2 protein chains.
Amino acid sequence: MAHPFLRKLRHGAHLTQDNENVLIALARPVRSLAAREDVSIEGEPRGHLTLIVEGWACHYTTLENGKRQIVSLYLPGDLCEPFGILPRFMTNAIAAITPVTIAQLRHDTMRSTAQASPRIEEALWWDLLTSFAIEREHLISLGRRTATERLGHLFCELHLRLENIGLVDDELSYDMPVTQADLGDLLGLSLVHVNRSLQELRATRLMSLRGRRLTIHNLRGLRELSLFDESYLHRVTSPSRHQPHAEIGELA
Amino acid sequence: MAHPFLRKLRHGAHLTQDNENVLIALARPVRSLAAREDVSIEGEPRGHLTLIVEGWACHYTTLENGKRQIVSLYLPGDLCEPFGILPRFMTNAIAAITPVTIAQLRHDTMRSTAQASPRIEEALWWDLLTSFAIEREHLISLGRRTATERLGHLFCELHLRLENIGLVDDELSYDMPVTQADLGDLLGLSLVHVNRSLQELRATRLMSLRGRRLTIHNLRGLRELSLFDESYLHRVTSPSRHQPHAEIGELA
DNA sequence: CGGCGGGTTGAGTCGCATCAACATGCGTGG
DNA sequence: CCACGCATGTTGATGCGACTCAACCCGCCG
């Protein structure tokens, strides 16, 4: 099975076999973390990017009044920081949600790799762009969607993101290991209200969530209810993959 | 008076006089727009980036149920899109808030300029990074701050962003041309509630807003009330400016 | 003068938060 | 092997923050 990073990139970028080999070599798993463990601590400067290879993680902030907001959810194949620059310090922290294995990509190697191959650079930019688009849509949810719409929207989004990396079974069912408390922190809701809104969602019979398993029974219905429009994910419908022969302009 | 784009960059990047000249040449104003006019329309593909030279603009989305969410506020010197890639299509629209003049930067020139000068590339990345950080903090506001906190936080942020480009008078007072209706769409609130929360804020005497003029009477107090921590803006306290002599590594 | 964009105010309602129990399953240590 | 603690999920009661609907005000401009 292909590396989730590559699987994802194939939905928006055009990589040759060579390109993929280069990326794979950079993205070797190097560390494992237990659930709830912090990947990096606020304020700590580092020389590498974090790539999720397996498991789920999140980017969160804790305000001074103790409230917590999860800003972003990271799935296998997701880069946790932009590739182009290292901030002088982190302003918030990344934590594992499930047990996680990560790869740490040296920042300077990333940059020189991108400079050497326009295709790889293009792919990294596409990835960055969709990450931002996801956060933007998250912002829109918090601003203008109701609790059930937020939940539904999240589940629709996860459905596509997980499908990209081959983690959806029968096109409708996937593992959803996020607790209700974390869903609250992600969606700007209280734990109690998440619970009740989930029940409301289940009652629509559009989807169900038992144990850690989420199943969508009526995708179109769920999307309508959630005001979900997939275009922000900038996804190419069929995974694209170029021939392995010479790239025009490569290394130019 | 220096170009707002340069003034802003000086708070996070290290540019030589040469670098600045190059950027200035790219960022010539090319178009004027009336208030409320759309800069670019959803779905329309383009070959250039938009830079605000004068006036305020915003990036917004309208959901299918008619609700509107402003995702981002753009001040003079702000780039409205990431410089590295052109999305195949825009998923949302940019509109002028006040009368606006913009520069349109050709995307390919941007990229080759960045490639030719590491310092310029660094500066553009820093700019991009802070834009994201601002949107992220916006997301946190929508998720976890109350109405008055959101307003206060916004005013604190604008205070710094405007100070960066020299649009704050006496370190405490600036023009704030956003209507209450737009504040609602920006902060995920109803117009009516914005009005009442503003009154509440005025009642604290930490700040006042009369006409289009916002004045901060107690900056520290306002920041505490708003849970505002400026570090996300990645701002260097004193504007940095390198000597105009040779750059080591330039064009390497 | 009338219309319109912007701001303000009041009344009523509802979504969501908070506080507080209680249920369940699991892992651990006695 | 059971007792206990802990994480997770569920439910009820109550209150507040924010929304909606509906006026009304002012200043500006055609």
Side-chain angles (χ1 to χ4, degrees), chain A residues 34-37 56 63 65-70 95-99 141-153 175-203 208-214 225-227, chain B residues 34-37 56 63 65-70 95-99 141-154 175-204 208-214 225-227:
Chain A
R36 316 251 127 240
E37 196 174 345
W56 293 31
L63 294 182
N65 60 11
K67 289 183 182 170
R68 183 163 167 265
Q69 177 66 47
I70 295 178
I97 287 180
T98 66
S141 272
L142 297 187
R144 290 303 187 202
R145 278 188 257 256
T146 67
T148 55
E149 286 165 3
R150 290 180 209 183
L151 282 163
H153 191 277
D175 277 329
M176 218 298 295
V178 184
T179 66
Q180 293 185 359
D182 285 337
L183 283 175
D185 286 341
L186 179 65
L187 301 177
L189 301 168
S190 71
L191 193 167
V192 175
H193 201 61
V194 166
N195 184 290
R196 289 184 172 128
S197 305
L198 275 175
Q199 291 176 42
E200 219 176 286
L201 258 189
R202 280 189 278 242
S208 58
L209 175 58
R210 289 197 325 277
R212 292 273 129 99
R213 193 84 191 161
L214 192 144
L225 174 132
S226 319
L227 307 164
Chain B
R36 317 250 127 238
E37 194 174 346
W56 293 31
L63 293 182
N65 60 10
K67 290 182 183 171
R68 182 162 169 266
Q69 177 66 47
I70 294 178
I97 287 181
T98 65
S141 272
L142 296 187
R144 290 304 187 201
R145 277 188 258 256
T146 66
T148 53
E149 287 165 3
R150 289 180 210 183
L151 283 163
H153 191 276
L154 175 68
D175 277 330
M176 218 299 297
V178 183
T179 67
Q180 294 186 358
D182 285 338
L183 283 176
D185 286 342
L186 179 65
L187 301 177
L189 301 167
S190 71
L191 194 167
V192 174
H193 201 60
V194 166
N195 184 288
R196 288 181 174 134
S197 306
L198 275 176
Q199 291 176 40
E200 220 174 286
L201 258 188
R202 279 189 279 241
T204 65
S208 59
L209 175 58
R210 289 195 328 276
R212 291 273 128 99
R213 193 83 190 160
L214 192 142
L225 174 132
S226 319
L227 305 165

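Proteins get letters first, then strands, A, B, ... in listed order; numbering begins at 1 in each. Since this is a predicted model, take the numbers as computed values, not measurements.
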Undergrad: Would you name the heavy atoms of A/L198 and A/L151 that are closest together and state the gap between them?
TA: N-CD1, 3.9 Å
Undergrad: Heavy atoms under 4.0 Å is the rule here; annotate nucleotides 7-17 of chain D 5' to 3' with B where the base is hit, S where only the sugar-phosphate is, and - elsewhere.
TA: -SSBBBB----
Undergrad: Could you pull out the protein-nucleic contacts involving nucleotides 23-29 of chain D (nitrogen or oxygen on both sides, under 3.5 Å)?
TA:
none

Undergrad: So B/D185 and B/Q69, do their side chains get closer than 4.5 Å, heavy atoms only?
TA: no
Undergrad: Quickly work out the A/R145 CZ to C/dG15 P distance and round it to whole Å.
TA: 18 Å
Undergrad: Minimum heavy-atom separation for B/R212 and B/T179, please, with both atom names.
TA: NH2-CG2, 4.2 Å
Undergrad: Spell out, as yes or no, whether a donor-acceptor pair under 3.5 Å connects the side chain of A/R145 to the backbone of A/L227.
TA: yes
Undergrad: What is the distance, to the nearest angstrom, from the CD atom on B/E200 to the C1' atom on C/dT9?
TA: 15 Å
Undergrad: Which atoms form the tightest heavy-atom contact between A/S197 and A/A147, and what is the distance?
TA: OG-CB, 3.4 Å
Undergrad: Please give, in whole Å, the distance from C/dC16 C1' to A/L187 CG?
TA: 13 Å
Undergrad: Looking at residues at least two apart in the chain, or sitting in another chain, which of them share a side chain to side chain donor-acceptor pair (under 3.5 Å) with A/Q199?
TA: A/N195
Undergrad: Would you classify A/G188 as touching base, sugar-phosphate or nothing, given that sugar-phosphate means primed atoms plus P, OP1 and OP2, and contacts are heavy atoms under 4.0 Å?
TA: sugar-phosphate
Undergrad: Using atom CZ of A/R144 as one end and atom C1' of D/dT20 as the other, report the distance to the nearest whole Å.
TA: 13 Å
Undergrad: Under 3.5 Å, is there a donor-acceptor pair between the side chain of A/R144 and the main chain of B/R68?
TA: yes
Undergrad: For A/T98 and A/W56, indicate whether the former's side chain and the latter's backbone hold a donor-acceptor pair under 3.5 Å.
TA: yes
Undergrad: Distance check needed: D/dA18 C1' versus B/R150 CZ, whole Å only.
TA: 9 Å
